[in-house]
Amino acid sequence: MLAAVTLIATGAPSGASAPGGEAPRPAASHPASAPAPAFAPGTDRGSGAGAGVEADVAYHGHVSLWGGRVGVWLTTENHGPAPVSGVTVRLRFSVPLDPGATLPPGCLRTGPATVQCGTGTMRAAGSGVRVALDVAVVGEPAEVGVDIDTAWSGGTYDRNPANNTHRVLAPATGDPYSF
């Protein structure tokens with residue numbers, strides 16, 4: 001098996017969907033070297049539609065690289081003040097993923113080195129899902145960079161993108177590098 005990916009609901013009554021839940025909504029692609037753009041209040045990252053609702057989406061976890069495989073383990077949260085109807089987290093890798101990698105329902109590949117996963121709905125001050133991604137990359141790189149950001153935010157805007165926009169460099173040591 002080339003890839004093992006699991007979405008695990010955290011058990012919080014947030015309405016988070018397990019595998020087979022809401023599919024992520026793709027957004028315009030950004031260059032891997034550019035951070036996620038800051039959006040003005042009232043805009044939706046995915047559609048550009050004005051919503052005027054504020055939420056504070058956050059991602060925390062770690063990245064590891066070992067033996068030609070990369071793992072990303074992250075937890076999604078919403079610090080509020082409003083609930084979120086769904087969020088799409090984007091993972092952009094500095095190396096291409098193995099073309100035969102299998103992703104679970106709720107995650108999709110949007111490029112050779114990009115994966116997007118839907119988090120389901122999140123109540124204010126609540127958790128969404130935990131995403132565990134373990135996938136083979138092309139070759140055996142000495143290091144991999146991973147950019148993590150929000151591709152779609154369910155019609156909300158986020159004044160604090162610092163906690164949902166991360167860049168992690170993981171050398172091929174197998175050690176976890178936190179974000």
Side-chain angles (χ1 to χ4, degrees), residues 5-19 21-30 32-49 51-64 70-94 103-104 106-108 110 114-134 144-170 176-179:
V5 182
T6 308
L7 287 176
I8 306 165
T10 61
S14 64
S17 60
E22 178 182 332
R25 298 174 190 227
S29 174
H30 296 285
S33 61
F39 289 84
T43 64
D44 178 321
R45 291 173 180 250
S47 70
V53 177
E54 181 182 357
D56 183 12
V57 175
Y59 310 123
H60 304 287
H62 67 273
V63 176
S64 293
V70 65
V72 178
W73 293 268
L74 68 85
T75 301
T76 63
E77 298 173 358
N78 175 17
H79 299 296
V84 179
S85 63
V87 171
T88 302
V89 60
R90 177 177 32 217
L91 307 170
R92 293 178 290 172
F93 300 88
S94 63
L103 302 174
C107 288
L108 60 88
T110 57
T114 306
V115 172
Q116 294 185 19
C117 297
T119 68
T121 59
M122 289 187 281
R123 63 184 171 82
S127 296
V129 296
R130 290 182 55 197
V131 176
L133 175 69
D134 173 356
V144 66
V146 182
D147 289 327
I148 302 156
D149 66 9
T150 300
W152 182 77
S153 62
T156 63
Y157 69 95
D158 189 337
R159 289 188 198 183
N160 181 18
N163 61 2
N164 68 350
T165 303
H166 305 283
R167 175 169 281 169
V168 182
L169 179 64
Y177 293 88
S178 298
F179 57 90

Before giving the answer on side chain to side chain contact (heavy atoms under 4.5 Å, CB included), spell out for Ile148 and Arg90 the whole-Å C-alpha distance, their side-chain angles and the decisive distance to 0.1 Å.
CA-CA 6 Å; Ile148 302 156; Arg90 177 177 32 217; over 6 Å; no

Do any N or O atoms from the side chain of Thr165 and from the backbone of Pro161 form a donor-acceptor pair under 3.5 angstrom?
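At least one qualifying donor-acceptor pair exists.
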
Please name all residues satisfying ring-ring contact (aromatic ring centres under 6.0 Å, His included) with His79, sequence neighbours left out, ordered by chain then number.
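Residues passing ring-ring contact (aromatic ring centres under 6.0 Å, His included) with His79: none at all.
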
[atom2] on [Y] to [atom1] on [X], rounded to 0.5 Å:
X: Leu91; Y: Leu74; atom1: CG; atom2: CG; answer: 6.0 Å
X: Thr150; Y: Tyr59; atom1: OG1; atom2: OH; answer: 3.0 Å
X: Ser94; Y: Asp147; atom1: OG; atom2: CG; answer: 8.5 Å
X: Gln116; Y: Leu108; atom1: CD; atom2: CG; answer: 6.0 Å
X: Tyr177; Y: His62; atom1: OH; atom2: NE2; answer: 11.5 Å
X: Met122; Y: Glu77; atom1: CE; atom2: CD; answer: 9.0 Å

Over all atoms of both residues, closest heavy-atom pair of Ala55 and Ala82:
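Scanning both residues completely, I find the closest heavy atoms to be CB-O, 3.6 Å.
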
For a quick test of reading the model, state the closest non-hydrogen atom pair linking Cys107 to Val115 and the distance between them.
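Minimum heavy-atom contact is CB-CG1, 4.4 Å.
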
Does Val63 form a side chain to side chain contact (heavy atoms under 4.5 Å, CB included) with Leu169? I'd like the steps, not just the answer.
CA-CA 8 Å; Val63 176; Leu169 179 64; over 6 Å; no

Quick one: which of Thr88, Asn78, Thr75, Val129 gives a side chain to side chain contact (heavy atoms under 4.5 Å, CB included) with Thr119?
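For Thr119, the side chain to side chain contact (heavy atoms under 4.5 Å, CB included) check succeeds only for Val129.
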
Report the relative orientation of the aromatic rings in Phe179 and His166; use parallel for angles under 30°, tilted for 30 to 60°, perpendicular for over 60°.
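The rings of Phe179 and His166 sit tilted, inter-plane angle from 30° to 60°.
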
Evaluate the side-chain proximity of Trp73 to Ser64: yes if any heavy-atom separation is below 4.5 Å, no if none is.
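Yes, side chains in contact.
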
Decide side chain to side chain contact (heavy atoms under 4.5 Å, CB included) for Val72 and Phe93; before the verdict, give the C-alpha distance in whole Å, the side-chain angles of both, and the deciding distance to 0.1 Å.
CA-CA 10 Å; Val72 178; Phe93 300 88; 3.9 Å; yes

So, applying side chain to side chain donor-acceptor pair (under 3.5 Å) with Asn164, which one of Asp56, Thr76, Asp158 is it?
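Testing each of Asp56, Thr76, Asp158 against Asn164, the sole residue satisfying side chain to side chain donor-acceptor pair (under 3.5 Å) is Asp158.
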
